[in-house]
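Have a look at the structure below before the remarks.
One-based numbering, in listed order, for ligands and for the atoms of each.
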Amino acid sequence: VRGDGADDLRSFLERLRRERPGDVVDVRREVSPRHETAAILARLEERFRSPVLVFHRVRGSLLPVVTNVCGTVARLALALGCRVADLAERYARACERPVPPVFTGEAPVQEIVRTGADVDLSFLPALVYHEHDAPNPWITAAIVAARDPDSGTVNLSYHRLMVDGKDRTSIYMEPGKHLDRIRLRHEAAGHEMPIAAFIGAHPAWSVGACFTGSPDVEEYAIAGGLVGEPVALARCVTQPSVPVPARAEIVLEGVVPPAERLEEGPFGEFTGHATGTMAAPVFRVTAITSRRDPLFQDVVSGSFEHLLLPSLGIERHALEVARKAVPGVAAARLLAPLTIAVSLRKRDDGEPWRVIEALLDSDVYTKHVVVVDEDVSAVDARQVWTAVALRVQADRGVRIYPGRRGTPLDPSADSADGRTAKMGIDATTPLRPARPLTRNSIPREVLESVDLRAILGEGLTPRA
Ligand SMILES: Cc1cc2nc3c(=O)[nH]c(=O)nc-3n(C[C@H](O)[C@H](O)[C@H](O)COP(=O)(O)O)c2cc1C
(Lines give C-alpha, C1' and ligand atoms only; values in the text may rest on other atoms or scores of the structure.)
Protein backbone atom coordinates (compact mmCIF):
# COMPACT_ATOMS: atom_id res chain seq x y z
CA VAL A 1 0.00 0.00 0.00
CA ARG A 2 1.72 3.18 -1.16
CA GLY A 3 -0.54 5.65 0.59
CA ASP A 4 -0.19 8.21 -2.22
CA GLY A 5 -3.33 7.30 -4.17
CA ALA A 6 -1.25 5.76 -6.95
CA ASP A 7 -1.85 2.06 -6.30
CA ASP A 8 -2.35 0.26 -9.58
CA LEU A 9 -1.18 -2.85 -11.40
CA ARG A 10 2.12 -1.20 -12.34
CA SER A 11 2.95 -0.01 -8.85
CA PHE A 12 2.22 -3.52 -7.54
CA LEU A 13 4.46 -5.15 -10.16
CA GLU A 14 7.25 -2.66 -9.35
CA ARG A 15 6.91 -3.45 -5.68
CA LEU A 16 7.07 -7.20 -6.35
CA ARG A 17 10.18 -6.78 -8.50
CA ARG A 18 11.81 -4.83 -5.66
CA GLU A 19 10.71 -6.88 -2.67
CA ARG A 20 10.13 -10.37 -4.08
CA PRO A 21 12.03 -10.60 -7.34
CA GLY A 22 11.41 -14.38 -7.55
CA ASP A 23 7.68 -13.64 -7.75
CA VAL A 24 7.87 -12.10 -11.24
CA VAL A 25 9.14 -14.04 -14.25
CA ASP A 26 9.75 -12.15 -17.50
CA VAL A 27 9.31 -14.26 -20.62
CA ARG A 28 11.05 -12.35 -23.40
CA ARG A 29 11.01 -14.92 -26.17
CA GLU A 30 8.00 -14.91 -28.47
CA VAL A 31 5.10 -17.08 -27.32
CA SER A 32 1.87 -18.07 -28.99
CA PRO A 33 -1.38 -16.74 -27.52
CA ARG A 34 -3.01 -20.05 -28.43
CA HIS A 35 -2.53 -22.40 -25.46
CA GLU A 36 1.16 -21.58 -24.89
CA THR A 37 0.80 -18.98 -22.10
CA ALA A 38 -1.65 -21.36 -20.37
CA ALA A 39 0.78 -24.26 -20.88
CA ILE A 40 3.66 -22.35 -19.28
CA LEU A 41 1.59 -21.58 -16.18
CA ALA A 42 0.29 -25.17 -16.04
CA ARG A 43 3.85 -26.55 -16.10
CA LEU A 44 4.90 -24.16 -13.33
CA GLU A 45 1.88 -25.09 -11.20
CA GLU A 46 2.81 -28.78 -11.59
CA ARG A 47 6.03 -27.84 -9.80
CA PHE A 48 4.20 -25.80 -7.16
CA ARG A 49 5.55 -22.55 -8.59
CA SER A 50 3.15 -19.71 -9.17
CA PRO A 51 4.95 -16.47 -10.13
CA VAL A 52 3.43 -13.54 -11.97
CA LEU A 53 4.29 -14.11 -15.64
CA VAL A 54 5.02 -11.16 -17.90
CA PHE A 55 4.99 -12.22 -21.55
CA HIS A 56 6.72 -9.41 -23.41
CA ARG A 57 6.19 -10.77 -26.93
CA VAL A 58 2.92 -12.49 -27.67
CA ARG A 59 2.45 -13.28 -31.35
CA GLY A 60 -0.08 -11.05 -33.10
CA SER A 61 -0.12 -8.18 -30.59
CA LEU A 62 2.20 -5.43 -29.37
CA LEU A 63 0.86 -5.59 -25.83
CA PRO A 64 2.67 -7.38 -23.01
CA VAL A 65 0.48 -9.96 -21.24
CA VAL A 66 0.61 -10.09 -17.43
CA THR A 67 -0.95 -13.17 -15.90
CA ASN A 68 -1.29 -14.82 -12.47
CA VAL A 69 -0.97 -11.53 -10.53
CA CYS A 70 -3.20 -12.88 -7.71
CA GLY A 71 -1.92 -16.46 -7.97
CA THR A 72 -0.72 -16.89 -4.35
CA VAL A 73 -2.10 -15.93 -0.95
CA ALA A 74 1.31 -14.45 -0.12
CA ARG A 75 0.97 -11.94 -2.98
CA LEU A 76 -2.57 -11.06 -1.94
CA ALA A 77 -1.33 -10.47 1.61
CA LEU A 78 1.52 -8.26 0.34
CA ALA A 79 -0.92 -6.26 -1.78
CA LEU A 80 -3.33 -5.77 1.13
CA GLY A 81 -0.62 -5.06 3.69
CA CYS A 82 -1.37 -7.93 6.06
CA ARG A 83 -0.19 -11.43 7.00
CA VAL A 84 -1.58 -14.43 5.11
CA ALA A 85 -3.33 -15.59 8.29
CA ASP A 86 -5.09 -12.21 8.55
CA LEU A 87 -6.51 -12.05 5.00
CA ALA A 88 -10.06 -12.99 6.03
CA GLU A 89 -10.01 -10.44 8.83
CA ARG A 90 -8.66 -7.74 6.50
CA TYR A 91 -11.47 -8.45 4.04
CA ALA A 92 -14.10 -8.38 6.80
CA ARG A 93 -12.72 -5.05 8.07
CA ALA A 94 -12.87 -3.52 4.58
CA CYS A 95 -16.53 -4.54 4.38
CA GLU A 96 -17.26 -3.00 7.78
CA ARG A 97 -15.30 0.15 6.97
CA PRO A 98 -15.53 0.71 3.21
CA VAL A 99 -13.74 3.74 1.75
CA PRO A 100 -15.79 5.39 -1.02
CA PRO A 101 -13.96 6.18 -4.28
CA VAL A 102 -13.19 9.70 -5.50
CA PHE A 103 -13.23 11.21 -8.98
CA THR A 104 -9.89 12.54 -10.13
CA GLY A 105 -8.90 14.95 -12.87
CA GLU A 106 -6.00 12.93 -14.19
CA ALA A 107 -6.82 9.59 -15.88
CA PRO A 108 -3.83 7.71 -17.33
CA VAL A 109 -6.30 5.12 -18.66
CA GLN A 110 -7.64 7.80 -21.02
CA GLU A 111 -4.29 8.82 -22.54
CA ILE A 112 -5.48 7.17 -25.76
CA VAL A 113 -9.16 7.37 -26.70
CA ARG A 114 -10.65 5.54 -29.66
CA THR A 115 -14.31 5.89 -30.55
CA GLY A 116 -16.59 5.23 -33.53
CA ALA A 117 -14.88 3.69 -36.54
CA ASP A 118 -11.55 3.65 -34.66
CA VAL A 119 -12.80 1.04 -32.21
CA ASP A 120 -10.96 -2.18 -33.04
CA LEU A 121 -10.40 -4.96 -30.52
CA SER A 122 -7.88 -6.72 -32.76
CA PHE A 123 -4.94 -4.91 -31.12
CA LEU A 124 -5.52 -7.04 -28.02
CA PRO A 125 -3.70 -10.36 -27.60
CA ALA A 126 -5.88 -13.20 -28.91
CA LEU A 127 -5.59 -15.57 -25.93
CA VAL A 128 -7.05 -19.06 -26.03
CA TYR A 129 -6.41 -21.48 -23.16
CA HIS A 130 -7.79 -24.97 -23.60
CA GLU A 131 -8.03 -27.42 -26.43
CA HIS A 132 -11.84 -27.44 -26.49
CA ASP A 133 -12.34 -23.66 -26.17
CA ALA A 134 -14.02 -21.78 -29.00
CA PRO A 135 -11.18 -20.42 -31.14
CA ASN A 136 -12.15 -16.74 -30.69
CA PRO A 137 -9.92 -14.56 -28.48
CA TRP A 138 -10.99 -14.60 -24.81
CA ILE A 139 -10.70 -11.82 -22.25
CA THR A 140 -10.80 -13.25 -18.72
CA ALA A 141 -9.48 -10.47 -16.49
CA ALA A 142 -11.98 -7.77 -17.43
CA ILE A 143 -13.78 -6.30 -14.43
CA VAL A 144 -17.17 -5.03 -15.52
CA ALA A 145 -18.62 -1.87 -13.94
CA ALA A 146 -22.34 -1.12 -14.24
CA ARG A 147 -24.69 1.16 -12.35
CA ASP A 148 -27.77 -0.32 -10.70
CA PRO A 149 -30.66 1.65 -12.29
CA ASP A 150 -32.70 1.64 -9.06
CA SER A 151 -30.20 2.18 -6.25
CA GLY A 152 -27.52 4.01 -8.26
CA THR A 153 -24.85 1.73 -6.76
CA VAL A 154 -21.98 0.74 -9.05
CA ASN A 155 -21.49 -3.02 -9.29
CA LEU A 156 -18.17 -4.65 -10.15
CA SER A 157 -17.68 -8.26 -11.21
CA TYR A 158 -15.55 -10.33 -13.55
CA HIS A 159 -17.16 -11.56 -16.77
CA ARG A 160 -15.52 -13.55 -19.51
CA LEU A 161 -15.71 -11.86 -22.89
CA MET A 162 -15.42 -13.72 -26.19
CA VAL A 163 -14.27 -11.36 -28.94
CA ASP A 164 -16.35 -11.52 -32.11
CA GLY A 165 -15.31 -8.83 -34.57
CA LYS A 166 -13.76 -5.42 -34.07
CA ASP A 167 -16.36 -3.89 -31.75
CA ARG A 168 -18.34 -6.80 -30.34
CA THR A 169 -17.93 -9.50 -27.70
CA SER A 170 -20.25 -11.86 -25.90
CA ILE A 171 -20.53 -11.41 -22.14
CA TYR A 172 -21.27 -14.32 -19.83
CA MET A 173 -23.40 -13.44 -16.79
CA GLU A 174 -24.39 -16.27 -14.50
CA PRO A 175 -28.09 -16.18 -13.61
CA GLY A 176 -28.56 -14.56 -10.20
CA LYS A 177 -25.32 -12.57 -10.27
CA HIS A 178 -25.83 -8.86 -9.70
CA LEU A 179 -24.82 -7.85 -13.22
CA ASP A 180 -27.36 -10.26 -14.68
CA ARG A 181 -30.03 -8.85 -12.38
CA ILE A 182 -29.16 -5.32 -13.52
CA ARG A 183 -29.28 -6.48 -17.15
CA LEU A 184 -32.73 -8.05 -16.68
CA ARG A 185 -34.12 -4.76 -15.34
CA HIS A 186 -32.75 -2.83 -18.32
CA GLU A 187 -34.02 -5.51 -20.67
CA ALA A 188 -37.53 -5.45 -19.16
CA ALA A 189 -37.62 -1.69 -19.79
CA GLY A 190 -36.34 -2.23 -23.35
CA HIS A 191 -33.13 -0.31 -22.57
CA GLU A 192 -29.54 -1.11 -23.31
CA MET A 193 -27.28 -1.53 -20.25
CA PRO A 194 -24.27 0.84 -20.19
CA ILE A 195 -21.12 -0.93 -18.95
CA ALA A 196 -17.36 -0.56 -18.90
CA ALA A 197 -14.91 -3.46 -18.73
CA PHE A 198 -11.56 -2.44 -17.29
CA ILE A 199 -8.39 -4.47 -17.66
CA GLY A 200 -5.28 -4.05 -15.48
CA ALA A 201 -6.06 -3.98 -11.77
CA HIS A 202 -4.32 -3.63 -8.43
CA PRO A 203 -5.10 -6.85 -6.47
CA ALA A 204 -7.31 -4.86 -4.06
CA TRP A 205 -9.58 -3.90 -6.97
CA SER A 206 -9.63 -7.54 -8.08
CA VAL A 207 -10.62 -9.07 -4.75
CA GLY A 208 -12.89 -6.08 -4.05
CA ALA A 209 -14.74 -6.81 -7.32
CA CYS A 210 -15.33 -10.36 -6.05
CA PHE A 211 -17.39 -9.12 -3.07
CA THR A 212 -20.65 -11.04 -2.95
CA GLY A 213 -23.64 -10.41 -0.73
CA SER A 214 -25.84 -7.33 -0.57
CA PRO A 215 -26.36 -5.60 -3.95
CA ASP A 216 -26.28 -2.26 -2.09
CA VAL A 217 -22.57 -2.56 -1.40
CA GLU A 218 -20.39 -0.61 -3.81
CA GLU A 219 -17.38 -2.75 -4.65
CA TYR A 220 -15.13 0.26 -5.35
CA ALA A 221 -15.57 1.13 -1.66
CA ILE A 222 -14.53 -2.40 -0.62
CA ALA A 223 -11.43 -2.06 -2.80
CA GLY A 224 -10.76 1.28 -1.09
CA GLY A 225 -11.30 -0.26 2.35
CA LEU A 226 -8.81 -3.03 1.52
CA VAL A 227 -5.96 -0.55 0.99
CA GLY A 228 -7.24 2.18 3.32
CA GLU A 229 -7.58 4.89 0.68
CA PRO A 230 -10.08 5.73 -2.04
CA VAL A 231 -9.82 4.29 -5.53
CA ALA A 232 -9.38 7.19 -7.98
CA LEU A 233 -12.06 7.08 -10.67
CA ALA A 234 -12.67 8.63 -14.09
CA ARG A 235 -15.94 8.96 -16.00
CA CYS A 236 -16.16 6.95 -19.19
CA VAL A 237 -15.95 8.99 -22.39
CA THR A 238 -18.95 7.46 -24.19
CA GLN A 239 -20.79 6.00 -21.14
CA PRO A 240 -20.48 8.84 -18.62
CA SER A 241 -22.77 7.18 -16.06
CA VAL A 242 -20.17 4.44 -15.55
CA PRO A 243 -16.99 5.14 -13.56
CA VAL A 244 -13.71 3.24 -14.06
CA PRO A 245 -10.41 3.31 -12.17
CA ALA A 246 -8.33 6.19 -13.55
CA ARG A 247 -5.21 4.03 -13.19
CA ALA A 248 -6.46 0.91 -15.01
CA GLU A 249 -4.58 -0.12 -18.18
CA ILE A 250 -7.37 -0.50 -20.75
CA VAL A 251 -11.10 0.24 -20.69
CA LEU A 252 -13.71 -1.13 -23.09
CA GLU A 253 -16.78 1.11 -22.88
CA GLY A 254 -20.11 0.14 -24.36
CA VAL A 255 -23.59 -1.23 -23.99
CA VAL A 256 -25.39 -4.55 -23.69
CA PRO A 257 -28.40 -4.22 -26.04
CA PRO A 258 -31.63 -5.77 -24.78
CA ALA A 259 -32.30 -8.44 -27.41
CA GLU A 260 -29.03 -9.24 -29.16
CA ARG A 261 -27.49 -12.68 -28.59
CA LEU A 262 -24.32 -14.40 -29.75
CA GLU A 263 -23.38 -18.08 -29.59
CA GLU A 264 -20.54 -18.30 -27.08
CA GLY A 265 -18.41 -21.20 -25.83
CA PRO A 266 -17.33 -23.84 -25.29
CA PHE A 267 -15.00 -22.49 -22.60
CA GLY A 268 -12.88 -24.37 -20.06
CA GLU A 269 -13.99 -22.93 -16.73
CA PHE A 270 -12.65 -22.66 -13.16
CA THR A 271 -14.10 -26.10 -12.46
CA GLY A 272 -11.52 -27.63 -14.79
CA HIS A 273 -14.29 -28.54 -17.24
CA ALA A 274 -15.68 -26.88 -20.36
CA THR A 275 -19.13 -25.36 -20.56
CA GLY A 276 -21.20 -26.01 -23.68
CA THR A 277 -22.29 -23.32 -26.08
CA MET A 278 -25.04 -20.85 -25.23
CA ALA A 279 -26.80 -17.80 -26.65
CA ALA A 280 -25.12 -15.10 -24.57
CA PRO A 281 -25.84 -11.37 -24.35
CA VAL A 282 -23.66 -9.11 -26.47
CA PHE A 283 -21.31 -6.27 -25.47
CA ARG A 284 -21.19 -3.55 -28.17
CA VAL A 285 -17.99 -1.57 -27.65
CA THR A 286 -18.44 2.18 -28.16
CA ALA A 287 -14.94 3.26 -27.07
CA ILE A 288 -11.57 1.81 -26.17
CA THR A 289 -9.39 3.93 -23.92
CA SER A 290 -5.95 3.02 -22.62
CA ARG A 291 -2.59 4.16 -21.42
CA ARG A 292 -0.03 4.98 -24.09
CA ASP A 293 1.78 1.68 -23.40
CA PRO A 294 -0.91 -0.56 -21.89
CA LEU A 295 -0.33 -3.89 -20.15
CA PHE A 296 -2.90 -6.58 -20.90
CA GLN A 297 -3.87 -8.44 -17.74
CA ASP A 298 -5.07 -12.01 -17.97
CA VAL A 299 -6.26 -14.86 -15.72
CA VAL A 300 -5.58 -18.34 -17.09
CA SER A 301 -8.96 -19.97 -16.80
CA GLY A 302 -8.91 -22.92 -14.42
CA SER A 303 -5.60 -21.90 -12.85
CA PHE A 304 -5.22 -21.66 -9.07
CA GLU A 305 -5.55 -17.87 -9.41
CA HIS A 306 -9.02 -18.34 -10.88
CA LEU A 307 -10.10 -20.23 -7.71
CA LEU A 308 -8.27 -17.97 -5.28
CA LEU A 309 -9.51 -14.60 -6.55
CA PRO A 310 -13.16 -15.02 -5.56
CA SER A 311 -12.48 -17.04 -2.38
CA LEU A 312 -12.13 -14.12 0.08
CA GLY A 313 -15.46 -12.69 -1.07
CA ILE A 314 -17.23 -16.06 -0.96
CA GLU A 315 -15.80 -16.94 2.47
CA ARG A 316 -16.84 -13.59 3.95
CA HIS A 317 -20.37 -14.00 2.65
CA ALA A 318 -20.54 -17.62 3.86
CA LEU A 319 -19.40 -16.56 7.32
CA GLU A 320 -22.03 -13.80 7.41
CA VAL A 321 -24.85 -16.20 6.47
CA ALA A 322 -23.62 -19.00 8.77
CA ARG A 323 -23.20 -16.68 11.78
CA LYS A 324 -26.65 -15.24 11.29
CA ALA A 325 -28.01 -18.80 11.58
CA VAL A 326 -25.74 -19.79 14.50
CA PRO A 327 -23.62 -17.22 16.33
CA GLY A 328 -21.03 -19.79 17.47
CA VAL A 329 -19.62 -20.22 13.93
CA ALA A 330 -15.85 -19.70 14.08
CA ALA A 331 -14.65 -19.83 10.46
CA ALA A 332 -15.75 -20.60 6.89
CA ARG A 333 -13.43 -21.75 4.17
CA LEU A 334 -13.86 -22.53 0.46
CA LEU A 335 -12.08 -25.90 0.35
CA ALA A 336 -12.70 -26.78 -3.29
CA PRO A 337 -15.04 -25.48 -6.00
CA LEU A 338 -18.55 -25.13 -4.50
CA THR A 339 -17.46 -26.75 -1.22
CA ILE A 340 -17.48 -24.84 2.05
CA ALA A 341 -16.21 -26.03 5.42
CA VAL A 342 -17.54 -24.29 8.52
CA SER A 343 -16.16 -24.71 12.04
CA LEU A 344 -18.51 -24.28 14.94
CA ARG A 345 -18.61 -24.21 18.74
CA LYS A 346 -21.81 -26.18 19.05
CA ARG A 347 -24.43 -25.62 21.77
CA ASP A 348 -26.97 -28.16 20.56
CA ASP A 349 -26.95 -30.93 17.97
CA GLY A 350 -29.36 -29.07 15.67
CA GLU A 351 -26.97 -26.20 15.06
CA PRO A 352 -24.87 -27.83 12.29
CA TRP A 353 -28.07 -28.42 10.27
CA ARG A 354 -29.16 -24.83 10.78
CA VAL A 355 -25.82 -23.68 9.37
CA ILE A 356 -25.98 -26.13 6.46
CA GLU A 357 -29.53 -25.21 5.50
CA ALA A 358 -28.93 -21.47 5.84
CA LEU A 359 -25.96 -21.74 3.46
CA LEU A 360 -27.63 -24.05 0.94
CA ASP A 361 -30.77 -21.84 0.87
CA SER A 362 -28.78 -18.63 0.41
CA ASP A 363 -27.07 -17.03 -2.58
CA VAL A 364 -23.66 -18.22 -1.33
CA TYR A 365 -21.91 -19.92 -4.26
CA THR A 366 -21.92 -23.43 -2.83
CA LYS A 367 -23.21 -26.93 -3.31
CA HIS A 368 -21.63 -28.96 -0.48
CA VAL A 369 -21.25 -27.78 3.11
CA VAL A 370 -19.29 -29.63 5.80
CA VAL A 371 -19.59 -28.53 9.41
CA VAL A 372 -16.79 -29.45 11.84
CA ASP A 373 -16.15 -28.81 15.54
CA GLU A 374 -14.10 -25.81 16.54
CA ASP A 375 -11.07 -28.03 17.36
CA VAL A 376 -10.84 -28.92 13.64
CA SER A 377 -9.26 -26.31 11.40
CA ALA A 378 -11.70 -25.46 8.60
CA VAL A 379 -8.81 -24.14 6.53
CA ASP A 380 -7.08 -27.53 6.48
CA ALA A 381 -8.72 -29.93 4.00
CA ARG A 382 -6.94 -32.92 5.57
CA GLN A 383 -8.37 -32.13 9.01
CA VAL A 384 -11.84 -31.61 7.55
CA TRP A 385 -11.83 -34.92 5.69
CA THR A 386 -10.39 -36.65 8.75
CA ALA A 387 -13.40 -35.35 10.70
CA VAL A 388 -15.71 -36.62 7.94
CA ALA A 389 -14.00 -40.02 8.22
CA LEU A 390 -14.02 -40.28 12.00
CA ARG A 391 -16.93 -38.20 13.29
CA VAL A 392 -19.66 -39.05 10.75
CA GLN A 393 -22.13 -41.90 10.57
CA ALA A 394 -23.46 -41.36 7.08
CA ASP A 395 -27.03 -42.47 7.80
CA ARG A 396 -27.39 -39.56 10.27
CA GLY A 397 -24.60 -37.20 9.31
CA VAL A 398 -25.33 -36.69 5.61
CA ARG A 399 -28.40 -35.03 4.14
CA ILE A 400 -29.23 -34.59 0.47
CA TYR A 401 -31.30 -31.69 -0.83
CA PRO A 402 -32.45 -32.47 -4.40
CA GLY A 403 -33.60 -30.03 -7.06
CA ARG A 404 -31.87 -26.87 -5.78
CA ARG A 405 -30.67 -23.90 -7.81
CA GLY A 406 -27.00 -24.39 -8.59
CA THR A 407 -24.62 -23.14 -11.24
CA PRO A 408 -24.68 -24.01 -14.96
CA LEU A 409 -20.87 -24.24 -14.66
CA ASP A 410 -21.14 -27.44 -12.58
CA PRO A 411 -20.58 -30.20 -15.14
CA SER A 412 -22.51 -32.73 -13.03
CA ALA A 413 -25.70 -30.59 -12.92
CA ASP A 414 -28.68 -32.38 -14.44
CA SER A 415 -29.74 -29.56 -16.73
CA ALA A 416 -28.20 -26.54 -18.43
CA ASP A 417 -29.83 -24.20 -15.89
CA GLY A 418 -27.69 -25.72 -13.17
CA ARG A 419 -30.41 -27.55 -11.17
CA THR A 420 -28.53 -29.68 -8.71
CA ALA A 421 -28.73 -31.86 -5.65
CA LYS A 422 -26.93 -30.28 -2.70
CA MET A 423 -25.39 -32.01 0.28
CA GLY A 424 -24.70 -31.19 3.89
CA ILE A 425 -22.36 -33.17 6.12
CA ASP A 426 -22.47 -32.76 9.88
CA ALA A 427 -18.98 -33.86 10.89
CA THR A 428 -19.30 -32.63 14.47
CA THR A 429 -19.20 -34.97 17.44
CA PRO A 430 -22.59 -35.42 19.16
CA LEU A 431 -22.75 -33.47 22.42
CA ARG A 432 -23.41 -36.83 24.12
CA PRO A 433 -21.42 -39.34 22.05
CA ALA A 434 -22.50 -42.99 22.17
CA ARG A 435 -18.93 -44.05 22.99
CA PRO A 436 -16.55 -41.95 25.05
CA LEU A 437 -14.12 -39.98 22.90
CA THR A 438 -10.55 -39.50 23.97
CA ARG A 439 -8.43 -37.41 21.67
CA ASN A 440 -4.71 -38.10 21.54
CA SER A 441 -2.86 -35.57 23.60
CA ILE A 442 0.59 -35.25 25.10
CA PRO A 443 0.76 -33.75 28.58
CA ARG A 444 1.15 -30.00 28.23
CA GLU A 445 4.07 -29.72 30.65
CA VAL A 446 6.02 -32.30 28.66
CA LEU A 447 5.29 -30.49 25.37
CA GLU A 448 6.42 -27.23 26.89
CA SER A 449 9.61 -28.71 28.29
CA VAL A 450 10.88 -29.70 24.84
CA ASP A 451 13.86 -27.54 23.89
CA LEU A 452 13.90 -27.62 20.09
CA ARG A 453 17.03 -25.48 19.93
CA ALA A 454 18.92 -28.09 21.87
CA ILE A 455 17.57 -30.87 19.67
CA LEU A 456 18.04 -29.18 16.28
CA GLY A 457 21.36 -27.61 17.21
CA GLU A 458 22.35 -24.03 18.02
CA GLY A 459 21.66 -21.54 15.27
CA LEU A 460 18.91 -23.61 13.68
CA THR A 461 15.58 -21.86 13.81
CA PRO A 462 12.76 -24.36 14.18
CA ARG A 463 9.88 -23.88 11.78
CA ALA A 464 6.84 -22.27 13.35
C1 LIG B 1 -11.29 -14.57 -13.20
C2 LIG B 1 -12.76 -14.59 -12.93
C3 LIG B 1 -13.65 -14.77 -13.96
C4 LIG B 1 -15.02 -14.77 -13.74
N5 LIG B 1 -15.87 -14.91 -14.79
C6 LIG B 1 -17.21 -14.81 -14.59
C7 LIG B 1 -18.10 -14.87 -15.70
O8 LIG B 1 -17.71 -15.03 -16.86
N9 LIG B 1 -19.44 -14.74 -15.44
C10 LIG B 1 -19.94 -14.57 -14.17
O11 LIG B 1 -21.15 -14.45 -14.01
N12 LIG B 1 -19.11 -14.54 -13.11
C13 LIG B 1 -17.75 -14.64 -13.29
N14 LIG B 1 -16.90 -14.58 -12.23
C15 LIG B 1 -17.46 -14.48 -10.87
C16 LIG B 1 -17.90 -13.09 -10.48
O17 LIG B 1 -16.93 -12.10 -10.74
C18 LIG B 1 -18.20 -13.08 -8.99
O19 LIG B 1 -19.17 -14.02 -8.70
C20 LIG B 1 -18.65 -11.74 -8.50
O21 LIG B 1 -18.33 -11.66 -7.17
C22 LIG B 1 -20.11 -11.53 -8.72
O23 LIG B 1 -20.60 -10.78 -7.65
P24 LIG B 1 -21.92 -9.96 -7.64
O25 LIG B 1 -23.02 -10.90 -8.02
O26 LIG B 1 -21.94 -9.51 -6.22
O27 LIG B 1 -21.74 -8.81 -8.59
C28 LIG B 1 -15.52 -14.61 -12.42
C29 LIG B 1 -14.63 -14.44 -11.36
C30 LIG B 1 -13.25 -14.43 -11.61
C31 LIG B 1 -12.32 -14.22 -10.46
Side-chain angles (χ1 to χ4, degrees), residues 38 41 66-71 76 91 95 98 127 129 133-134 138-148 151 153-163 169-185 193 195 197-201 203-223 256 262 264-272 274-275 278 280-281 283 297-318 320-321 334 337-338 362-366 406-410 417-418:
L41 182 60
V66 183
T67 197
N68 206 33
V69 173
C70 300
L76 285 186
Y91 203 86
C95 296
L127 290 161
Y129 309 100
D133 290 351
W138 291 92
I139 302 174
T140 52
I143 300 176
V144 175
R147 200 177 279 282
D148 185 306
S151 66
T153 309
V154 177
N155 186 72
L156 298 182
S157 42
Y158 280 86
H159 295 274
R160 70 187 195 214
L161 307 175
M162 186 189 82
V163 178
T169 80
S170 60
I171 172 165
Y172 177 68
M173 292 169 260
E174 259 200 79
K177 295 280 171 80
H178 292 160
L179 188 65
D180 197 49
R181 281 153 58 179
I182 294 174
R183 175 186 69 88
L184 288 172
R185 269 176 284 148
M193 170 170 73
I195 62 169
F198 64 87
I199 298 165
W205 313 348
S206 301
V207 293
C210 291
F211 172 89
T212 85
S214 164
D216 299 330
V217 170
E218 175 137 335
E219 275 107 344
Y220 279 131
I222 306 297
V256 177
L262 173 64
E264 82 107 55
F267 184 70
E269 262 295 345
F270 78 96
T271 58
T275 55
M278 67 173 291
F283 175 24
Q297 193 177 358
D298 169 67
V299 172
V300 173
S301 190
S303 63
F304 180 67
E305 176 180 33
H306 199 173
L307 273 185
L308 180 61
L309 260 174
S311 64
L312 287 175
I314 293 174
E315 288 165 2
R316 185 215 66 89
H317 189 30
E320 175 184 48
V321 169
L334 188 69
L338 308 176
S362 73
D363 59 348
V364 172
Y365 203 62
T366 188
T407 166
L409 301 186
D410 174 357
D417 67 1

* Taking the side chain as every heavy atom from C-beta outward, state whether Arg147 and Val154 have any atom pair closer than 4.5 Å. => yes
* Starting from atom 9 (N) of ligand 1, locate the nearest protein heavy atom and write down its residue, its atom name and how far away it is, to 0.1 Å. => Tyr172 O, 2.9 Å
* Could you list the atoms of ligand 1 found under 4.0 angstrom from a heavy atom of Met173? => 11 (O)
* Residue Asn155 vicinity, atoms of ligand 1 by number, heavy atom under 4.0 Å -> 27 (O)
* Is the shortest distance from a heavy atom of Glu219 to ligand 1 less than 4.0 Å? -> yes
* To do: Number the atoms of ligand 1 from 1 as they appear, then name those within less than 4.0 Å of a heavy atom of Ser157, with their elements.
  => 17 (O), 20 (C), 22 (C), 27 (O)
* Quick one: nearest non-hydrogen protein atom to atom 10 (C) of ligand 1, plus distance? -> His159 ND1, 3.5 Å
* Structure fact -> In this structure, atom 8 (O) of ligand 1 is nearest to the protein heavy atom Arg160 N, 2.8 Å
* Show your reasoning for whether side chain to side chain contact (heavy atoms under 4.5 Å, CB included) applies to His317 and Asp363. => CA-CA 9 Å; His317 189 30; Asp363 59 348; 2.7 Å; yes
* Tell me: protein heavy atom nearest atom 15 (C) of ligand 1, and distance? -> Lys177 NZ, 3.8 Å
* Name the closest protein heavy atom to atom 5 (N) of ligand 1, giving the residue it belongs to and the distance to 0.1 Å. => Tyr158 O, 3.6 Å
* Atoms in ligand 1 with a heavy atom of Leu309 nearer than 4.0 Å -> 31 (C)
* Select the closest option to atom 11 (O) of ligand 1 among Glu264, Glu269, Arg181, Glu174, judged by heavy-atom distance. => Glu174
* To do: Of all the heavy-atom pairs spanning Val207 and Leu309, show the shortest one and how long it is.
  => CG1-O, 3.8 Å
* Structure fact -> So CD1 of Ile182 and CD1 of Ile195: to nearest 0.5 Å the spacing works out to 10.5 Å
* **Close-contact set for ligand 1 against His306 heavy atoms, below 4.0 Å** => 1 (C), 2 (C), 3 (C)
* How would you list, by chain and number, every residue that makes a ring pair (Phe, Tyr, Trp, His ring centres under 6.0 Å) with Phe267, sequence neighbours excluded? -> Trp138
* Check against side chain to side chain contact (heavy atoms under 4.5 Å, CB included), Val217 and Thr153 -> CA-CA 7 Å; Val217 170; Thr153 309; over 6 Å; no
* **Heavy-atom nearest neighbour in the protein, as seen from atom 25 (O) of ligand 1, with distance rounded to 0.1 Å** => His178 N, 2.9 Å
* To do: Output the list of atoms in ligand 1 that are nearer than 4.0 Å to some heavy atom of Ala209, sorted by atom number.
  => 21 (O)
* May I ask whether Pro215 places a heavy atom under 4.0 Å from ligand 1? => no
* Asked: N/O of Thr140 under 3.5 Å from N/O of ligand 1, yes or no?
  -> no
* To do: For residues His306 and Val300, determine if any side-chain heavy atom of one lies less than 4.5 Å from a side-chain heavy atom of the other.
  => no
* Are any non-hydrogen side-chain atoms of Asp148 and Arg185 less than 4.5 angstrom apart? -> yes
* Give the numbers and elements of all ligand 1 atoms closer than 4.0 Å to a heavy atom of Thr212. => 21 (O), 26 (O)
* Asked: When you look at Val364 and Glu320, which way does the side chain to side chain contact (heavy atoms under 4.5 Å, CB included) test go after all the steps?
  -> CA-CA 10 Å; Val364 172; Glu320 175 184 48; over 6 Å; no
* Asked: Shortest non-hydrogen contact from Ala204 to Ala223?
  -> O-CB, 3.6 Å
* Asked: Would you call Gly313 a ligand 1 contact, heavy-atom distance under 4.0 Å?
  -> no
* Distance under 6.0 Å and angle within 45° of the ring axis: does Lys177 meet both against Tyr365? -> yes
* Structure fact -> Note: Phe211, heavy atoms under 4.0 Å from ligand 1, region reported as backbone
* Asked: When rounded to the nearest 0.5 angstrom, what is the spacing between CD1 in Ile139 and CD1 in Ile171?
  -> 10.5 Å
